[in-house]
Amino acid sequence: MPQSSRHSGRFSLTLRVAVPAVLALFLLPVPILAEAPKPHLESTTDLARAGYFQLRWSLDEGEVDHFRLEEATEEDFSDAQVFYQGADGATVISGRSNGTFHYRVRAQLDDGSQTDWSQTQSVEVRHHSIAQAFGIFTLGGVVFLATAGVIAFGTRANRIIPKDS
Amino acid sequence: MSIQETAILEPGVAWLLIALFTALYVGLGWYFGRKDKELDQFVLAGRKVGLAVGTATAMATWVTSNTTMMAPQLAYQMGIWGMVGYSLGAVGLLLFAPLAKRIRTLMPHGYTSGDFVRLRYGNVAWRVFLGISIFYSFGWLVSLGMAGGVLTHALSGIPYWQGMTVILAACVAYTLIGGFRAVIGTDFIQSILILIGLVVLAWMVIGRIGFDEIHFSLELERPELLTLMMPAAIMFLFNNLLFGMGEIFHSNVWWTRAYSFREGVGLWAYLLAGLFWAPIPIVAGFIALAGPALGTNIPAADMVGPIISAELLGLAGAIIVLIMVFAALASSLDSLLAATAMLVVRDIYYRHLRPQASADHLRTATKVTILLLGVVTWLLCLPRITTLAELLHFTGAFVASTIWPIAAGLYWRRTNRWGATLAMVAGSAAGITAYFQIGFYVGALVGAAVSMVIVLLTTWLRPQEFDWEQLKEPPPKH
């Protein structure tokens with residue numbers, strides 16, 4: 001027992017040293033994985049009132065072979081489609097109807113590995129109301145016609161005035 | 001990492017083309033301006049510009065890099081109405097035609113647009129106007145400088161700041177060397193290059209893809225670009241028209257041309273320039289709509305024109321676009337440098353600081369100012385803060401507020417000085433509020449509307465009797 005206990009003491013000492021060391025070996029990679037480089041994705045706006053916006057992305061570390069940008073209308077990306085695949089770091093999306101669109105991007109590195117997905121960037125497209133649009137359109141028409149009228153009548157009035165007056 | 005990695009032209013080829021055309025424009029600048037020793041010749045080409053050159057300079061100046069790069073951007077962002085709305089910028093030239101004739105008649109010895117506002121409305125309105133006009137000039141100059149960098153980066157991958165620096169320096173150089181005659185002389189050559197380039201590009205785009213495929217892809221991927229009921233695009237239509245009117249009505253670029261044309265030329269030169277200009281944004285914008293059919297990525301909206309052209313037409317397309325947009329850019333940049341330098345020298349330096357300055361001194365001051373404007377523009381272009389369209393339309397709120405003070409001031413005796421001043425200040429404030437509250441596509445429209453209401457009300461409530469003879473200020477005795 002003593003031996004055993006000695007052994008046991010040594011064993012427990014070994015355990016006390018080894019277990020944390022082994023655990024550390026397993027645990028250490030965890031923070032490394034958690035901090036593994038992934039692209040940063042951002043949009044010029046979260047609310048697009050004219051149906052267009054720009055997405056930009058970048059990866060701070062690693063040599064990128066290409067990026068893969070996915071778009072989905074479902075938040076969990078269950079209906080995701082590849083929107084762009086290539087080396088560019090941005091894209092302009094335009095002509096969208098009302099709705100919310102979700103985006104994420106990942107990078108394929110030169111060594112063949114790929115990064116995690118970036119954080120999700122959501123953009124809501126909500127066009128201005130048609131009533132507001134026609135209100136401003138009408139206002140613009142009135143200003144234009146009035147200005148053209150001032151010039152047309154002014155030119156005509158100056159043409160018919162005799163030079164000596 | 002750069003946002004765009006795919007470029008068609010080798011940087012060496014792009015540099016070679018830029019060097020060749022820089023040499024051509026500087027050479028032409030020297031040739032056209034070699035005999036202009038007098039101040040009037042240097043800044044107004046002796047007031048003897050004829051119809052052909054007059055039409056070409058008005059058209060080429062209005063075909064800016066903004067036309068060839070922003071019309072595709074707006075088509076890509078706002079669809080059919082985007083490019084139609086941009087082409088309504090021609091209305092500004094058409095309506096300025098009768099104004100040019102009247103300006104030449106009322107002010108035979110005038111130099112700047114500031115001269116008119118000073119004589120018509122007094123010093124307070126004049127200073128407000130100068131603030132607006134110089135602010136706008138910098139907005140336009142910066143958008144042109146940015147366009148140079150964006151263009152070379154999109155086509156060849158040359159870093160933005162390098163392309164911007166070289167193109168800006170080239171335009172400053174030949175404007176400095178040749179003065180106003182160099183500006184309008186190179187405009188003539190550049191307008192021919194632009195027209196040929198655009199026609200070839202449009203013909204090649206339609207031939208390679210065809211309308212059906214373009215329409216099908218747009219309907220599938222970007223349906224709002226085809227609809228005529230897109231709210232932002234509907235608001236943009238009259239906004240762009242009024243922005244164009246504001247730019248032309250107030251800017252010294254167009255007033256110096258009105259002063260420099262031979263008598264009787266201004267009306268026809270501006271009418272013809274407007275008619276020739278109107279289809280250009282449609283052709284340039286149409287190219288952008290081919291983007292979805294090609295599946296090409298567009299990293300930034302203001303790069304769409306060059307990228308689609310180069311993608312679709314390969315090396316030949318990229319070369320045509322580089323030559324054409326460089327010509328469009330140079331034709332506007334030189335005009336703007338010359339006209340803004342003249343406004344700064346005559347309205348600020350001469351009128352405020354050195355009223356006794358000799359003609360030689362003012363000529364030197366004009367050259368120094370051109371150089372300084374180039375340096376300040378370069379500094380403002382370095383941090384590429386926004387897209388071309390948004391930058392330029394920011395100034396729209398300000399310039400549209402000058403439409404009514406200028407138009408009413410040229411035709412109505414009763415419009416008073418305080419009404420004009422208030423119209424410019426309140427119009428600008430309202431326009432800029434709308435720009436931030438609604439979007440860049442309404443700033444000019446709201447600014448023009450508020451300005452109009454104030455001019456109408458103040459003219460009606462507090463009419464003044466203005467004597468047109470006061471505008472016939474004798475030429476300064478330098």
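Order of the sequence lines sets the chain letters (A, B, ...), proteins ahead of strands, with each chain counted from 1.
Ranking B/Met245, B/Lys101, B/Arg102 against chain A, the residue ahead of the rest is B/Arg102, based on heavy-atom pairs under 4.5 Å. Highest contact tally toward chain A, considering only B/Gly79, B/Ala232, B/Pro231, is held by B/Pro231 [criterion: heavy-atom pairs under 4.5 Å]. Ranking B/Pro223, B/Ala407, B/Ala444 against chain A, the residue ahead of the rest is B/Pro223, based on heavy-atom pairs under 4.5 Å. Chain A forms more heavy-atom pairs under 4.5 Å with one residue of B/Ile438, B/Asn239, B/Val442, B/Ile403 than with any other, namely B/Ile438. Chosen from A/Gly51, A/Gly141, A/Ala131, the residue pairing most often with chain B at heavy-atom distances under 4.5 Å is A/Gly141.
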- Output, in order, the C-alpha distance, side-chain angles, deciding distance and verdict of side-chain contact (heavy atoms from CB on, under 4.5 Å) for B/Tyr441 and A/Ile136. CA-CA 10 Å; B/Tyr441 32 83; A/Ile136 288 181; over 6 Å; no

- Message: If you apply the rule side-chain contact (heavy atoms from CB on, under 4.5 Å), what do you find for B/Gln77 with A/Phe53, and how did you get there?
- Response: CA-CA 9 Å; B/Gln77 289 176 325; A/Phe53 48 94; over 6 Å; no

- In sequence, state the C-alpha distance, the side-chain angles, and the governing distance for A/Ile151 and B/Leu99, and then conclude on side-chain contact (heavy atoms from CB on, under 4.5 Å). CA-CA 8 Å; A/Ile151 295 169; B/Leu99 263 59; 3.7 Å; yes

- Item | side-chain contact (heavy atoms from CB on, under 4.5 Å) between A/Val150 and B/Trp404, worked out | CA-CA 9 Å; A/Val150 168; B/Trp404 270 77; 3.3 Å; yes

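One distance of note links CG of B/Leu95 with CZ of A/Phe144; it measures 6.0 Å at 0.5 Å rounding. To the nearest 0.5 Å, atoms CD1 (B/Ile406) and OG1 (A/Thr147) are separated by 12.5 Å. Here the straight-line distance linking atom OH of A/Tyr52 with atom CE of B/Met230 works out to 9.0 Å at 0.5 Å rounding. Distance CG/B/Asp302 to CD/A/Gln54: 8.5 Å, rounded to 0.5 Å. Taking CG of B/Asn297 as the reference point, atom CD of A/Gln85 lies at 12.0 Å (rounded to 0.5 Å). Between B/Ile298 atom CD1 and A/Thr91 atom OG1 the span is 7.5 Å, to the nearest 0.5 Å.
Of the atoms belonging to A/Ser129, it is backbone heavy atoms, and not side-chain ones, that fall under 4.5 Å from chain B. For chain A, the nearby part of B/Phe249 is the side chain; its heavy atoms alone come within less than 4.5 Å. Proximity to chain B (any heavy atom under 4.5 Å) is restricted, for A/Ile93, to the backbone atoms N, CA, C and O. In this structure, chain B has a heavy atom under 4.5 Å from the side chain of A/Phe83, while its backbone stays farther away. With a 4.5 angstrom heavy-atom cutoff, B/Val446 does not touch chain A via any of its atoms.
Side-chain atoms of A/Ser94 come within 3.5 Å of backbone atoms of B/Tyr76 as a donor-acceptor pair (strictly under, hydrogens ignored).
The two residues B/Pro98 and A/Thr155 make their nearest non-hydrogen contact at CB-OG1, 3.5 Å. For the pair B/Pro299 and A/Asp88, the tightest heavy-atom approach, listed with the atom from each and the gap, is CG-OD2, 3.7 Å. Contact between B/Ala448 and A/Val143 at its shortest, heavy atoms only, is CB-CG1, 4.0 Å. Residue B/Leu237 comes nearest to A/Phe137 through the heavy atom pair CD1-CE1, 3.8 Å, listed as atom of the first residue, atom of the second, then distance. Heavy atoms only, all atoms of each residue included: B/Ile234 and A/Ala133 are closest at CG2-O, 3.8 Å. The minimum heavy-atom distance linking B/Glu224 with A/Ser97 is given by the pair OE2-OG, 3.1 Å.
For A/Glu42, the CD atom sits in a packed shell: over 12 heavy atoms of surrounding residues, nucleotides or ligands are nearer than 6.0 Å. Counting heavy atoms of neighbouring residues, nucleotides and ligands inside a 6.0 Å radius, atom CH2 of B/Trp268 does not exceed 12 of them.
In this structure the side chain of B/Leu445 reaches within 4.5 angstrom of the side chain of A/Leu139, judged on heavy atoms.
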